[in-house]
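Right, one structure below, let's go through it.
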Amino acid sequence: MAKWEAAHIFEADPDAGKQKVMVTFPFPYMNGPLHVGHAFSASRVDAYARFKRMQGYNVLWPWAWHWTGQPLLGASQRVARGDQAYIRVLREVDGVPEEQLQKFVDPKYMAQYYTNEGRIAAKRVGFSVDWRREFTTVWPTFQKFIEWQYKNLKELGYVTRGTHPVVWCPKDQSPTGDHDRQSGEGVTPEEYTIIKYKLDENTVLPAATFRPETIYGITNLWINPDATYVEAAVNSENWIISQEAAEKLKEQEKTVVVNRVFKGRELIGKTFENPITHERLPILPGWFVDTKTATGVVYSVPAHAPFDWLALKDLQQKPEVMCDFGVDPQLVLQIKPVSIIKVDGFGEYPAVEIVEQMGIKDQQDPKAEQATKELYKKEFHSGKLRPNCGVYAGKSIREVKDQIIDDFRKLGIFDKMYDLSEQVVCRCMTPCMVKILSDQWFLNYSDAKWKEKAKEVIAQMKIYPENARTGFYTTIDWLKEWACARTTGFGTPLPWGKGWIIETLSDSTLYMAFYTINKHINQNKIPPEALIPEVFDYIYYGKGDKTQISATTNITIELLDSMRKEFLYWYPFDLRNSAKELVPNHLSFCIFHHAALFPPEHWPKGISVNGMLMVEGQGMHKSKGNFITLKGAIDKYGADATRCGLMIGAEGMDDPDWRADNVKDLKNKFDALTSFANNIITSAKQPENTALEHWLQNKLQHRIQEITENLDELKTRTALQTALFEVWNDLRWYIQRKGNTNAAILVDAIKIWIKMLTPFAPYMCEELWSQTGETSFISTAQWPKFDETKLDIAAEEQENLIIDILTDTQNILKATKITPKRLVFYTAATWKWQIYLRILEKASAGETKISELMKEFSSNPELKPYIKDIATLVPKVIKASTKLSSNRKINMVKIQIVDEKQVMQNSLDFLKDRFDVEVSVYSEDDKDRYDPKNRAPMAMPYQPAIYIE
RNA sequence: GCAGGGGUCGCCGAGCAUGGUCAAAGGCGUAGGCUUCAGGAGCCUAUCCUGCAGAGGUUCGUGGGUUCAAAUCCCACCCCCUGCACCA
């Protein structure tokens with residue numbers, strides 16, 4: 001590590017003579033240490049960077065730190081508050097020393113601590129980063145860049161103003177994000193449609209629902225007779241709602257003045273008007289009505305809602321209940337469900353039928369909930385509205401739901417309100433509610449033209465793996481306005497909005513362009529006040545008069561030009577890699593912002609995504625006690641094993657699983673590899689040039705090709721597996737066959753091998769590289785290039801012959817359980833080759849007709865004497881040929897006749913050694929062969945006959 | 001609910017786009033042998049079932065279908081994972 005740093009080999013500057021590759025990794029958020037999850041995604045970036053660097057590219061791999069946002073403040077506050085549980089985590093999981101902990105009351109100190117620790121860990125794990133371009137997102141110079149970015153976005157009309165519902169803590173007076181919650185994680189505001197039924201000319205009964213289309217099937221309202229309701233002026237209308245609802249609506253852009261408080265029973269038996277049909281329907285008692293949900297006013301659709309049907313049935317079976325309210329029971333008994341949806345598999349009243357089918361007894365039955373869900377799903381997807389549904393008749397609910405809401409809202413019959421599906425409690429123990437934030441700033445990702453442009457960016461981009469591409473397209477379609485500013489936390493102030501700070505996911509969308517110039521800003525100590533928008537306009541757009549800009553900013557013209565040149569050289573970035581969880585947000589935002597602010601030639605070239613790291617089969621969480629810091633992993637297993645343990649886990653979108661045993665095992669493997677390689681390096685010096693060496697060379701070429709292709713596709717797992725295990729197995733096989741490690745060619749093989757391992761295990765490879773006598777860095781050595789001239793199909797097929805005969809013999813021994821005294825192999829007679837090769841040739845072309853082949857062979861005078869044997873041989877060869885890959889068939893035809901006897905003879909020592917018996921080889925053509933069972937005639941090309949004594 | 005990705009021989013995990021070369025790579029684990037004072041590591045062999053001659057049988061979530069031929073293509077179903085907004 002020290003040598004790399006001293007030699008500055010990872011520092012990259014523009015070089016017109018070299019092709020560039022710029023790779024990036026989303027800067028990590030600094031409220032904690034780097035962990036193995038970061039390391040997984042970043043290791044893949046590093047492996048790619050190192051690979052490309054060795055291929056001769058000028059590679060830039062920059063790094064920075066994300067400080068923007070709320071959690072850092074929250075964390076610091078918890079330390080200040082003396083939150084012991086949290087402090088224990090910092091101490092035991094993050095490994096923060098005691099004297100540092102106390103200073104964490106300052107959030108910036110905390111962030112700086114983690115940044116320093118993170119940098120050390122990133123260097124130790126071997127990331128080949130150009131650290132001269134480093135920054136944190138609270139540096140004033142970076143913030144000038146963000147200001148420029150937002151100024152432009154605003155001018156281009158991508159920033160809008162509007163309202164937005166959030167989960168809100170009334171005590172803290174701030175939004176309550178998932179991380180700020182005591183309970184209710186994942187709960188989001190849900191939009192209810194309110195239907196304004198009229199009690200009388202002046203009074204509204206606003207019933208809340210998720211199924212506004214059922215308005216056509218209403219039979220009555222439910223009011224909880226024992227709950228407290230209020231009469232309140234809501235935006236100048238007189239509403240009857242639950243007491244709780246009155247409080248909620250105050251936060252939802254409504255003025256609410258409560259005029260009267262009363263019990264729900266007061267309303268029972270009264271009637272109200274259906275705003276569509278204008279008929280009057282009754283208000284009935286519903287004890288199941290939860291006044292904490294929405295308005296506390298519920299309307300009944302017994303034909304399609306199981307709960308409504310069950311409640312109505314209850315009441316109809318016990319009409320005397322109505323008498324308690326002084327109401328004529330006839331009011332209940334006369335109610336009939338109104339069917340409005342035709343669904344396959346159901347008749348007139350689906351709710352009634354499903355209740356019967358499932359044997360649901362009453363409202364308390366848990367199956368009622370299930371029935372509701374099931375029925376709604378069916379009705380939503382396959383249901384058609386009946387003729388009594390006005391202009392919507394005949395349509396599916398899916399098609400018209402939004403339309404209905406829209407239409408009736410325009411008529412003033414519908415309104416909306418937000419509520420939570422479950423209770424959310426803030427960390428401060430206050431129950432939360434939904435608040436509509438007004439005057440919010442948004443990035444208008446709804447903008448159709450912007451979406452189109454973003455899709456164009458994707459269309460011209462490489463996506464690794466390719467099947468992640470649809471994810472980007474659907475995200476772009478899906479994204480709506482994004483609140484891009486908030487009032488608390490670290491970050492860049494919104495240039496035009498007092499008190500607003502640009503939100504963390506919105507300030508990290510274009511900054512890769514900042515890396516290209518930040519080297520100059522750092523080195524020349526350019527002050528933030530000099531970084532006026534005109535400077536960035538010049539650097540990024542070539543706009544403006546540099547003489548004038550230089551005069552107003554004191555940045556020299558040369559420096560301005562260097563920065564412009566640097567940007568033009570490196571941009572766009574070629575690769576950005578992260579976990580797939582960032583596809584729906586960060587990565588898509590990055591695409592949107594590039595589409596908005598840069599011309600096509602500066603659009604991103606490639607994005608790659610990978611899975612989420614698991615630890616021993618589970619998600620990694622500090623609270624679960626399975627959190628592994630990068631530093632901890634390096635301390636325990638070393639950098640190389642850590643990197644490889646991560647990368648060998650998965651590629652593509654699969655989630656890798658970090659298993660301590662596997663990583664430990666890798667560490668052992670590297671020790672073994674080191675001594676294996678060292679042993680060869682010190683012992684191999686004989687020049688050897690037999691078929692075996694050709695075989696090894698041939699194999700290596702294939703491996704080079706495989707590994708190179710896979711790395712190019714970011715298939716780091718496959719590449720590493722091939723580089724580590726497959727090549728090792730090839731070398732083992734060679735050594736086994738050869739019987740020693742004397743051949744000088746082995747050292748060359750080792751050099752190729754460790755070069756291909758360098759992107760994954762750079763430390764070990766540097767070490768071994770120097771053992772071979774090299775004085776340069778392997779990190780900058782030339783990546784092995786696939787060389788077709790080193791391929792040797794004959795050597796490959798000869799070796800296959802040996803492998804096949806080995807497998808066959810073992811198979812026989814296993815089946816017969818013979819302990820052999822003697823092994824004899826018989827290679828095929830010369831005339832058989834003519835038949836064999838001719839059939840392979842035909843088979844490669846896909847036309848093996850026995851009759852035609854026989855005709856051809858019998859007309860050949862050379863084959864005349866064997867014609868009887870040929871008749872039995874041909875179908876056998878055809879069958880055997882189907883088991884060969886087309887590649888091998890082609891090769892065999894090319895190679896023509898192999899002197900199998902000679903090849904086997906050369907391998908006799910190996911075979912003897914293997915079976916620990918006397919082994920001999922004859923040709924079928926040999927007259928004086930030892931062949932007591934007359935096996936030789938069974939011999940075929942590439943399949944010698946076997947006799948075991 | 002909406003969207004995306006998956007289910008392969010003890011485990012992890014290739015293969016599936018372009019059907020035959022697939023009893024299906026590789027790693028781990030397990031068993032035996034070598035090496036070692038011993039353990040570990042390393043090296044070699046085996047590892048779905050059956051088989052006294054290089055073979056056969058049954059497998060790739062479940063059930064159907066297409067095809068001479070399906071882990072691979074089509075349909076239906078079951079199950080698992082991930083994201084869903086002000087939050088990094």
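Lettering of chains follows the sequences in order, A, B, ..., and the numbering in each one begins at 1. The model shown is predicted, which means the values in this text are computed figures rather than measured ones.
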Heavy-atom pair with the smallest gap, counting every atom of A:R717 and A:A650: CD-CA, 3.4 Å
For the student: nearest non-hydrogen atoms of A:V609 and A:K580, plus distance: CB-CA, 4.1 Å
salt_bridge([X], [Y]) N-O dist < 4.0 Å:
X: A:K435; Y: A:E251; result: yes
X: A:K455; Y: A:D477; result: yes
X: A:D671; Y: A:K667; result: no

Distances under 3.5 Å between nitrogen or oxygen atoms of protein and nucleotides 4-8 of chain B:
{"residue": "B:rG6", "atom": "OP1", "partner": "A:N467", "partner atom": "ND2", "Å": "3.1"}

Are A:Y947 and A:Y826 an aromatic pair by the rule of ring centers under 6.0 Å? no
Between the protein and nucleotides 27-30 of chain B, which nitrogen or oxygen pairs are less than 3.5 angstrom apart?
{"residue": "B:rG27", "atom": "OP1", "partner": "A:N729", "partner atom": "ND2", "Å": "3.4"}
{"residue": "B:rC28", "atom": "OP1", "partner": "A:K669", "partner atom": "NZ", "Å": "2.3"}

Out of [options], which nucleotide sits closest to the side chain of [X]?
X: A:N811; options: B:rA55, B:rA88, B:rA85; value: B:rA55
X: A:Y29; options: B:rA88, B:rA53, B:rA85; value: B:rA88
X: A:P71; options: B:rA88, B:rA53, B:rU45; value: B:rA88
X: A:K814; options: B:rC2, B:rU47, B:rA88; value: B:rU47

Between A:M938 (CE) and B:rG54 (C1'), how many Å, whole number? 8 Å
Nearest-Å distance, CG (A:D655) to P (B:rU82)? 8 Å
Could you tell me which nucleotide pairs with [N] by Watson-Crick or G-U wobble geometry, both distances under 3.5 Å, or answer none if nothing does?
N: B:rU47; answer: B:rG29
N: B:rG40; answer: none
N: B:rU72; answer: none

Please state whether the rings of A:H586 and A:Y511 are parallel, tilted or perpendicular, taking 30° and 60° as the class boundaries. tilted
Can you find an N or O donor on one side and an acceptor on the other, under 3.5 Å apart, linking the side chain of A:D808 with the base of B:rG54? yes
For the pair A:T137 (side chain) and A:W67 (backbone), establish whether a donor and an acceptor sit closer than 3.5 Å, ignoring hydrogens and angles. yes
OP1 or OP2 of B:rG54 sitting under 4.0 Å from any side-chain N/O of A:R935? no
Excluding sequence neighbours, so at least two apart, what forms ring-ring contact (aromatic ring centres under 6.0 Å, His included) with A:W753? A:W728
